[in-house]
Each structure stands twice: as structure tokens, then as C-alpha cells.
Student: 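Got a structure here, written out as C-alpha cells. Questions coming.
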Amino acid sequence: MGQAQIGVYGLGTMGSALALNMAEHGFDVAVTNRETDWIAPFITEAGSLAARLHPHETLAGFVGGLRLPRVILFMIPSGAPMDAMLAEIMPHLSPGDIVIDGGNADFHDTRRRAAELAAMKLHFVGMGVSGGEAGARHGPSMMVGGSGQSWEHLRPILTAIAARYQGSACVAHLGPDGAGHFVKTVHNGIEYADMQVIAEIYSLLRTGAAMPPAEIAEILAEWNKGPLQSYLVEITADLLTYTDSDSGHPMVDVIKDAAGQKGTGRWTVIEALRLGQSASMIEAAVGARSWSSEKQTRQRAETVLGGALGAFDAKEEILAEAFLAARILCYAQGFRILVAASEEFRWALDFATIARIWRAGCIIRSALLDEIATAHQADLPEGQLILAPHFAKTLARCVPALRDVVGSAVRGGHPVPALSAGLAWYNTMRLGHGSANIIQAQRDLFGRHGFERLGQSGMHHGPWWK
Ligand code: 6PG
């Protein structure tokens with residue numbers, strides 16, 4: 001039997017950073033990689049930490065180098081490669097062993113794999129890891145799914161390597177099977193929306209107010225000292241200060257305006273819709289990335305449709321208030337999906353804990369998350385953050401600014417899909433009486449679908465059927 005407390009399979013950016021983080025915290029880590037020629041350079045670069053890292057070139061050697069019950073963390077591409085890997089490693093494992101998928105997996109796959117492995121008395125843990133390379137190396141935020149038994153075993157290692165917010169580790173066991181990966185998916189959905197909101201505000205300043213990137217960097221850096229403080233604002237302020245050495249232009253001005261996506265944002269939207277929700281800001285952000293990649297069409301359309309933009313009168317304080325309102329709305333939509341999923345899959349998610357483990361280490365860490373954790377500790381009607389007294393008050397103060405910004409952006413022809421989606425959701429939710437009576441009447445008239453009447457029970461039909 002081996003001596004390593006955990007094995008890391010996959011020495012890409014995230015896997016190698018996590019292995020080094022574990023070694024630094026005094027754990028013995030068995031490591032391996034499908035392409036075995038990656039292993040030796042990784043050990044060499046590990047320097048003094050190599051003493052805790054135990055390299056293996058074969059799967060049998062890697063598995064044999066682990067203490068019982070074995071704990072194996074896979075940091076490999078999600079989807080088919082994970083299924084192939086499980087099929088390959090299963091014959092080497094024994095009951096009680098714990099297999100962790102630390103990638104951005106589709107939580108449906110995680111649920112299926114957890115059931116398949118449970119039938120063989122193995123624990124399958126779907127774990128969301130956020131924070132990019134620096135986070136993995138020095139303290140990520142980790143969202144853990146799986147059995148309570150596996151969590152008890154993993155807790156010491158994960159707690160040691162996690163990011164810390166005022167001393168408390170940013171890792172928690174969130175629920176069984178796919179809970180961890182689902183929460184990570186929604187984390188990424190919020191990440192998409194927050195990034196899109198920042199991009200829209202940047203664009204209003206850059207193209208609407210003709211402000212140079214360096215000046216916008218100063219505004220963002222200033223905002224980052226207050227309630228808008230967040231990792232994404234911080235890095236955006238930073239990246240705006242760089243100059244391209246080839247052209248001498250601001251770096252952001254030479255980067256193609258076409259953004260890629262790996263799928264977690266899209267999954268969030270799909271799951272939201274499946275759960276009868278609409279995370280419209282996340283949807284707007286996913287859609288905006290898709291539109292961005294239609295660069296050629298947009299260039300052609302500009303000549304056909306005209307791309308003139310009105311000037312945008314950017315008052316910094318108004319923009320800051322609009323941004324804060326949008327950020328609250330985007331988190332509120334994300335948490336609403338978590339509430340719906342928790343009910344649907346009987347996960348009993350603890351929303352305050354989720355907000356707490358997002359306060360450090362992860363990409364969406366921000367000043368707002370501590371307030372969100374507090375709001376979720378109180379009894380929140382339908383899990384709606386917009387109804388928490390603290391946020392309702394902030395929204396009442398900031399939404400007029402969001403209206404101003406969206407209004408003048410729209411008048412000037414500036415695209416602000418996420419900001420306007422957030423505002424439309426807020427405007428809808430604050431009205432006890434909406435416009436769906438017309439939808440109901442239409443459905444009944446064309447298809448005899450029936451409708452409910454105000455103040456009466458049962459289904460009714462309109463006079464158009466008499
Ligand atoms: C994180 C990130 C990370 C994700 C990237 C890229 O929490 O560390 O969410 O997991 O892979 O943000 O995602 P997209 O390629 O989909 O933008």
C-alpha cells in the first residue's frame with residue numbers, strides 16, 4: 001500500500017497548481033498524467049515541494065501509491081474523457097475509494113456517475129473549483145458535492161488548501177451527487193453576467209464618452225474601493241492599463257471583439273429554463289458572446305444598417321449606482337436558480353454557505369457576497385434576494401440610475417443587453433399586476449387552454465367560446 005493521501009490525475013494548469021497547493025500544505029500527493037512526458041518537468045519545476053510529490057507513469061503504479069481509502073482527483077477535460085477515464089480506472093479501485101471530478105462538468109453527468117459508482121460502493125464527488133490558476137495554486141473556492149462520508153474524508157485536505165475569507169475556508173459540502181457542479185455552473189453563469197455588465201459599462205465610456213482606456217481604468221480602480229469591489233472590477237482596471245508593444249495602442253483596443261465560451265454559462269441558462277426560471281441577465285451575457293463571435297456579419301451590417309452611436313453623457317456616480325443595481329439583480333437571478341434546483345433535486349442547499357464560500361478565491365468574489373450571505377441567513381421569501389430589506393433599499397436607491405443609464409444608452413443606439421435585461425426583470429417583479437392576463441386570454445381564444453380568474457378558483461373560458 002502506498003503513502004500518498006491523495007492522487008492528482010491531470011497535470012494541466014489547474015491540476016498541477018492544485019497538486020502544488022496540497023504539497024505545500026504538507027500532504028503527500030501522487031501525481032500522473034496521460035502524456036507521461038509532462039510529469040518530469042512538473043516535478044523539476046516544483047522545486048522543494050517535489051519531496052511531497054510522488055510521480056507515477058502507469059495507472060497501476062499511481063493507484064498503488066495511494067493510502068486506503070484511495071482519494072483521486074481528476075483534473076481532465078469534462079464529458080467523454082471523464083467517462084473513458086472512469087472505465088479505465090474502475091478495475092483498480094476498491095469499495096470505499098473516492099473519485100473526485102474537479103472539472104467544469106455538466107451536473108447531469110455527475111448525477112449519473114455518482115449513481116453508477118455508488119452501485120460499486122465507490123464515492124463519486126463532483127467538485128467545482130474556481131479561481132483560475134492563481135486560485136488553484138494559492139487558495140481556490142471549492143463547491144463540493146457527493147456523499148457525507150466522502151466529505152468527512154476530504155474535509156481536512158480541502159479545508160487546508162482553500163482560499164480564506166477572514167480566516168474561514170472557502171469550501172463546503174453543498175449536497176449529494178450533482179450539487180457541487182450545479183452550484184459551480186451557476187457561479188459561472190453569474191460570472192458571465194457580471195463580466196458582460198462590466199463590458200457594457202466600459203463600452204459606454206469608451207465609445208459613448210470617448211474616454212481612453214487608462215482613464216476608465218482609474219474609474220474602475222476607484223469603484224473597486226467601495227461597494228462595487230470585486231475581483232472582476234479589479235482585473236479589468238488592471239488590464240486596461242496595458243499597452244500593446246507592437247502597435248503602441250492600448251492593449252484592449254487591439255484585442256478582437258469576439259468572445260469564446262466553453263459552455264457553463266449556456267448550461268446555466270438551459271437549466272434555469274428547465275426549472276421554470278429565467279436568468280435573463282445570464283442569458284443576455286451568453287447571447288452577447290454568441291453575437292460577438294459573428295464579427296463578419298456585424299461588420300457587413302454596419303455598412304447596411306448604419307453604426308452611428310449617440311454621445312453618452314457618463315456621470316460616474318450614476319454609472320456606479322447603475323452597476324451596483326445590475327450586480328445585485330444578477331446575483332439575485334443566480335440565487336433564484338439555486339433555490340429552484342435545490343427544491344427540484346432535494347439538495348437542501350444552504351444559500352448563506354454558498355455566498356460565504358464565494359467571498360474569496362473564486363472569480364465572482366465581491367464585497368456584495370458578505371451582504372448576500374447575511375441576507376440568506378434571514379428568512380428570505382422564495383429565496384428572492386431582491387426582497388431582502390437591505391437589498392430592496394439599495395435597489396430603491398440605485399434603480400433610478402440604472403433607468404437613466406439604460407434609457408440614454410438605448411436612445412443613443414448603444415447595445416446594453418445585460419443591463420436592460422436586469423432592469424426589465426426588476427420592472428416586472430415589482431408589479432403585483434402584470435400583462436399575462438392578455439397571454440392567458442390569447443391562449444384560451446386560439447386553443448381553448450382556459451385561464452384562472454382573479455378571485456375565483458378553477459379554470460374558465462372567455463365569452464369568445466359562447
Ligand atoms: C472559474 C472559471 C473557470 C472557467 C473560465 C472560462 O471559476 O475559475 O469560471 O472555471 O473555466 O471562466 O469559462 P468560459 O470559457 O466559459 O468563459
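Just follow the structure's listing: the first ligand is 1, and inside any ligand the first atom is 1.
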Student: Taking distance alone, with no angle check, do Ser130 and ligand 1 share an N/O pair under 3.5 Å?
Tutor: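 Ser130 vs ligand 1: N/O contact under 3.5 Å present.
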
Student: Out of all atoms in ligand 1, which are within 4.0 Å of some heavy atom of Asn104? Include the element for each.
Tutor: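 Answer, ordered by atom number: 3 (C), 4 (C), 10 (O), 11 (O).
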
Student: With heavy-atom distances below 4.0 Å as the criterion, list the atoms of ligand 1 near Arg289.
Tutor: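 Those of ligand 1 that fall under 4.0 Å from Arg289 are 14 (P), 17 (O).
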
Student: Which atoms of ligand 1 have any heavy atom of Ile363 under 4.0 Å away?
Tutor: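 Going through ligand 1 atom by atom, the ones under 4.0 Å from Ile363 are 1 (C), 2 (C), 7 (O), 8 (O).
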
Student: Looking at atom 16 (O) of ligand 1, what's its closest protein heavy atom, distance included?
Tutor: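 Of the protein heavy atoms, Tyr192 OH, 2.5 Å lies nearest.
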
Student: Are any of the heavy atoms in Gly265 under 4.0 Å away from ligand 1?
Tutor: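 Gly265: no contact with ligand 1 (<4.0 Å).
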
Student: Closest approach of Phe323 and Asp194, non-hydrogen atoms and distance?
Tutor: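 So the minimum-distance heavy-atom pair works out to CE1-OD1, 3.9 Å.
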
Student: Is it true that the side chains of Ser230 and Arg327 contain a donor and an acceptor less than 3.5 Å apart?
Tutor: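 There is such a pair between these side chains.
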
Student: Measuring from non-hydrogen atoms of Gly131 to any atom of ligand 1, is the shortest distance under 4.0 Å?
Tutor: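 A heavy atom of Gly131 does come that close to ligand 1.
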
Student: For side chain to side chain donor-acceptor pair (under 3.5 Å), just list the numbers for Asp106 and His181, CA-CA rounded to whole Å, side-chain angles, deciding distance to a tenth of an Å, and then say yes or no.
Tutor: CA-CA 7 Å; Asp106 181 333; His181 274 152; over 6 Å; no

Student: Heavy-atom contacts with His187 under 4.0 Å: which atoms of ligand 1 show up? List them by number with element.
Tutor: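 Under 4.0 Å from His187, ligand 1 has these atoms: 7 (O).
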
Student: Please report which non-hydrogen protein atom sits nearest to atom 9 (O) of ligand 1, along with the residue it belongs to and the distance in Å to one decimal place.
Tutor: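 Protein heavy atom with the smallest distance to atom 9 (O) of ligand 1: Glu191 OE1, 2.7 Å.
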
Student: Write out the residue and atom name of the closest protein heavy atom to atom 6 (C) of ligand 1, then the distance separating them to 0.1 Å.
Tutor: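 Nearest neighbour among protein heavy atoms for atom 6 (C) of ligand 1, to 0.1 Å: Lys262 NZ, 3.6 Å.
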
Student: Under 3.5 Å, which donor-acceptor pairs link side chains of residues 262-269 to any protein atom two or more places apart or in another chain?
Tutor:
residue	atom	partner	partner atom	Å
Thr264	OG1	Asn188	ND2	2.9
Thr268	OG1	Thr185	O	2.9
Thr268	OG1	Thr264	O	2.8

Student: Would you say CD of Gln296 has more than 12 non-hydrogen atoms from neighbouring residues, nucleotides or ligands within 6.0 angstrom?
Tutor: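 No.
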
Student: Would you call Asp370 and Arg356 a salt bridge, taking side-chain N to carboxylate O under 4.0 Å as the test?
Tutor: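 Salt bridge: no.
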
Student: Could you tell me which residues satisfy salt bridge (charged side-chain N to carboxylate O under 4.0 Å, His left out) with Arg336, sequence neighbours excluded, listed by chain and number?
Tutor: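 So Arg336 forms no salt bridge (charged side-chain N to carboxylate O under 4.0 Å, His left out) with any residue.
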
Student: Quick check on contacts: which atoms of ligand 1 are under 4.0 angstrom from a heavy atom of Gly132?
Tutor: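 In order of numbering, the contacting atoms are 8 (O).
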
Student: Whether the His54 and Asp28 side chains hold a donor-acceptor pair (N or O, under 3.5 Å, no angle test) is what I'd like checked.
Tutor: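 Checked: His54/Asp28 side chains pair up, N/O donor to acceptor below 3.5 Å.
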
